[in-house]
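Following: one structure in structure tokens, then a few remarks.
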Amino acid sequence: MKLVFATNNANKLAEIRSLLPDHIELLSMKDIQCFEDIPETAETLEGNASLKASYIASRHGYNCFADDTGLEIDFLNGAPGVYSARYGGPDKDAEANMDKVLEELKGTNNRKARFRTAIALIIDGREQIFEGIIDGSILAERKGNEGFGYDPIFQPKDREESFAEMSMDEKGDISHRGKAFSKMIEHIKKSY
Ligand code: IMP
């Protein structure tokens, strides 16, 4: 079965390709000549994942999946959430995003947060949503140099290190995205 991953992120593609069974042929957007900027206009992670997967399924006629991730901070009533990529400005700048979060949390002890990933999978016109969550807290300052995005200021629950102090494999074993993809892969292995 051919399956498109609606992402332009080469790292995510490689990671998923290595986890899928051999009879699933994973295709990128480039592989199917899809160069459009797919709109992400929904107000939830599930909604955006679904928009992206539906776009490929309906316009290009492929089975497909898409993911969307957000950092949800209790003290900020769930922000930045679905707006995580552009929280500090339109440039999707990780440093500006972290500066804004650190500033907004200055002086509070309520630093609870979680990363949440939603995946929408569409096979033969049927859609299923998979979710992965990692609970943790926002540090008072950056720690570590690995990873990307908000990793230097996020410390998973019951761990001493921030995400940015973990190797990619270590993070992948416990992360929001790792959990959501494991659920989807289990489902694909069982059903197809
Ligand atoms: P996306 O949906 O995977 O593109 O993620 C949206 C935004 O959430 C990214 O631009 C990052 O700012 C943030 N983000 C997603 N996943 C992670 C992660 O694993 N660590 C840190 N930040 C992340």
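Residue numbers run from 1 in the order of the sequence given.
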Is the closest side-chain heavy-atom distance between [X] and [Y] below 4.5 Å?
X      : Y      : answer
Ser54  : Ile122 : yes
Leu51  : Asp68  : no
His176 : Arg116 : no
Arg159 : Glu170 : yes
Phe5   : Asp67  : yes
Lys52  : Glu40  : yes

Is the Phe163 ring parallel, tilted or perpendicular to the Phe115 ring (thresholds 30°, 60°)?
-> parallel
If the plane angle is over 60° it's perpendicular, under 30° parallel, otherwise tilted; pick one for Phe130 and His187.
-> tilted
Could you report the tightest heavy-atom contact between [X] and [Y], atom names first, then the distance?
X      : Y      : answer
Pro156 : Ile134 : CB-CD1, 3.9 Å
Ala66  : Ala53  : CB-N, 3.7 Å
Ala180 : Glu131 : CB-C, 3.9 Å
Pro152 : Leu139 : O-CD1, 3.6 Å
Ile188 : Ile24  : CG2-CD1, 3.7 Å
Met29  : Thr7   : SD-N, 3.6 Å

In Å and rounded to the nearest 0.5 Å, what is the [atom1] to [atom2] distance from [X] to [Y]?
X      : Y      : atom1 : atom2 : value
Lys143 : Gln155 : NZ    : CD    : 5.0 Å
Leu19  : Ile185 : CG    : CD1   : 4.5 Å
Leu121 : Lys183 : CG    : NZ    : 14.0 Å

Give a yes or no on this: more than 12 heavy atoms of other residues, nucleotides or ligands lie within 6.0 Å of atom CE of Met168.
-> no
Whether over 12 other heavy atoms sit under 6.0 Å from Arg17 CZ = yes
Mark yes or no for whether Glu165, through its side chain, and Ser162, through its backbone, hold a donor-acceptor pair below 3.5 Å.
-> yes
State plainly whether the residues Glu103 and Lys106 are in salt-bridge range, i.e. N to O under 4.0 Å.
-> yes
Glu95 bridged to Arg142 by N-O distance under 4.0 Å = yes
Just one of Lys157, Lys179, Lys112, Arg114 clears the salt bridge (charged side-chain N to carboxylate O under 4.0 Å, His left out) bar with Asp135, so which one?
-> Arg114
Starting from the C-alpha separation in whole Å, work towards a yes-or-no answer on side chain to side chain contact (heavy atoms under 4.5 Å, CB included) for Tyr83 and Asn97.
-> CA-CA 10 Å; Tyr83 306 109; Asn97 290 341; over 6 Å; no
Let me see the working for Tyr150 and Tyr87 under ring pair (Phe, Tyr, Trp, His ring centres under 6.0 Å), right down to the final yes or no.
-> CA-CA 11 Å; Tyr150 298 89; Tyr87 198 50; 7.5 Å; no
